[in-house]
There are 2 protein chains.
Amino acid sequence: MAAQKTPSFDPLTLEVVDLIGTVVARYHEEYEEAAAEHALTGAQARLLSLLSLEPLPMRRLAQKLKCEPSNVTGIVDRLEARGLAERRPDPSDRRVKLAAVTEEGRAVARSLRLSLRFAREPLAGLSREERMSLRGLLSRMLDAS
Amino acid sequence: MAAQKTPSFDPLTLEVVDLIGTVVARYHEEYEEAAAEHALTGAQARLLSLLSLEPLPMRRLAQKLKCEPSNVTGIVDRLEARGLAERRPDPSDRRVKLAAVTEEGRAVARSLRLSLRFAREPLAGLSREERMSLRGLLSRMLDAS
DNA sequence: TATTGTTATACTCTATAACTATA
DNA sequence: TATAGTTATAGAGTATAACAATA
């Protein structure tokens, strides 16, 4: 609520916006690369990562991935065909199918997560104090929007 | 070169990594939304934005978009069909086709750019000093990787 | 011979609409 | 009747391989 005087177009703000754009591009490249190393598409990697936390109804997956439920069918189909995921019935509602990772899927998800963390090593260049500072700034930035 | 002792897995770093992930997700949502408002896909919006700076050979576009040249053909086709872009011969090399924005394409690119800047207003929540600090941290992060 | 852009092909992701089986 | 998941369909992005025109 402090300095809010149309700061969108001043040079400093534009510079920061550009930097964020670069971070976003870099992040995505690395994510796609990491996924490709496991012969996964971006969408498959994202879905697998979600499932590695907990089994989810197809509908919930669509919400999390911000896509239509009909798309989730295909993505889970492909993961299932590779033995990385499976569908289970939901005892409490027979309409629902729970998607879940298999043992192998969990291993791939873990490997994916590790290679991502490694890829994001750039943070290593910042000291502990700087990372704390960055955490604060990003938090406030996200809260404000 | 300061604090570099396997900082990838400590809680603070993971927290920052998560925040960056959230920023990336937010950024992409807003980019896609802004593109959709102009009835453009993300790829079309990115290509149009590139062309609004200067005409480029198809090959260069593929490099900039990090995709195969054959894909650029289709994307430019669709922009051309809507009158937003056009192909011109390159006087110095008759193999080359230069893609360029039309007058209308330039206007759409400008409108797209403005709606994006507006969408990224979250920076408004940060004071001038904080934005300078953020600029420094992001720069160092990107340089380090 | 090498390079530029294109075409042809196949796969994935995407949204929409219609369908089924449950609730 | 409403909801969960699926199927069918069509459009767009993607990579690969083969091709024509030009260098």
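In what follows, chains are A, B, ... by sequence order, proteins preceding strands, each numbered from 1. Just so it is clear, the values below take in all heavy atoms, side chains as well, and ignore hydrogens, waters and symmetry mates.
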Point to revise | Donor-acceptor pair (no angle test) under 3.5 Å: B:Ser70 side chain, D:dT14 base | key: no
Considering every strand and a 4.0 Å limit on heavy-atom distances, what is the contact class for [X]: base, sugar-phosphate, or nothing?
{"X": "A:Arg46", "value": "nothing"}
{"X": "A:Asp90", "value": "nothing"}
{"X": "B:Thr41", "value": "sugar-phosphate"}

Check your understanding: Quick one: are A:Arg113 and A:Ser49 in side-chain contact, heavy atoms under 4.5 Å?
Key ->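 Contact flag for A:Arg113/A:Ser49 side chains = no.
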Can you measure [X] atom [atom1] to [N] atom [atom2] for me and round it to whole angstrom units?
{"X": "A:Leu65", "N": "D:dG5", "atom1": "CG", "atom2": "C1'", "answer": "15 Å"}
{"X": "B:Leu40", "N": "D:dG11", "atom1": "CG", "atom2": "P", "answer": "18 Å"}
{"X": "B:Glu68", "N": "C:dT9", "atom1": "CD", "atom2": "C1'", "answer": "15 Å"}
{"X": "B:Asn71", "N": "D:dT16", "atom1": "CG", "atom2": "P", "answer": "10 Å"}
{"X": "B:Asp77", "N": "C:dT7", "atom1": "CG", "atom2": "C1'", "answer": "11 Å"}
{"X": "B:Arg82", "N": "D:dA12", "atom1": "CZ", "atom2": "C1'", "answer": "13 Å"}
{"X": "B:Asp93", "N": "D:dA21", "atom1": "CG", "atom2": "P", "answer": "16 Å"}
{"X": "B:Gln63", "N": "D:dA15", "atom1": "CD", "atom2": "P", "answer": "13 Å"}

Review point. Side chains of B:Arg131 and A:Thr13: donor-acceptor distance under 3.5 Å anywhere?
Key: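 Short answer, yes.
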Any side-chain N or O of [X] below 4.0 angstrom from OP1/OP2 of [N]?
{"X": "A:Lys97", "N": "D:dT6", "value": "yes"}
{"X": "A:Arg95", "N": "D:dT6", "value": "no"}
{"X": "A:Arg94", "N": "D:dG5", "value": "no"}
{"X": "A:Arg59", "N": "D:dA4", "value": "yes"}
{"X": "B:Thr73", "N": "C:dG5", "value": "no"}

Exercise for review: Give a yes or no on whether the backbone of B:Ala39 and the side-chain of B:Arg82 come within a donor-acceptor separation of less than 3.5 Å.
Suggested key: yes
Review point. Is there a donor-acceptor pair closer than 3.5 Å between any side-chain N or O of A:Ser115 and the backbone N or O of A:Ser111?
Key: yes
Check your understanding: When the nearest nucleotide of DNA chain C is assigned to A:Pro69 and to A:Gly42 on a heavy-atom basis, which residue is associated with the more 5' position?
Key -> A:Gly42
Point to revise | Intermediate values then yes/no, side chain to side chain donor-acceptor pair (under 3.5 Å), A:Arg110 and A:Ser52 | key: CA-CA 8 Å; A:Arg110 189 169 157 283; A:Ser52 72; over 6 Å; no
Point to revise | A:Ala43 side-chain proximity, nearest of D:dG5, C:dG5, C:dC13 | key: C:dC13
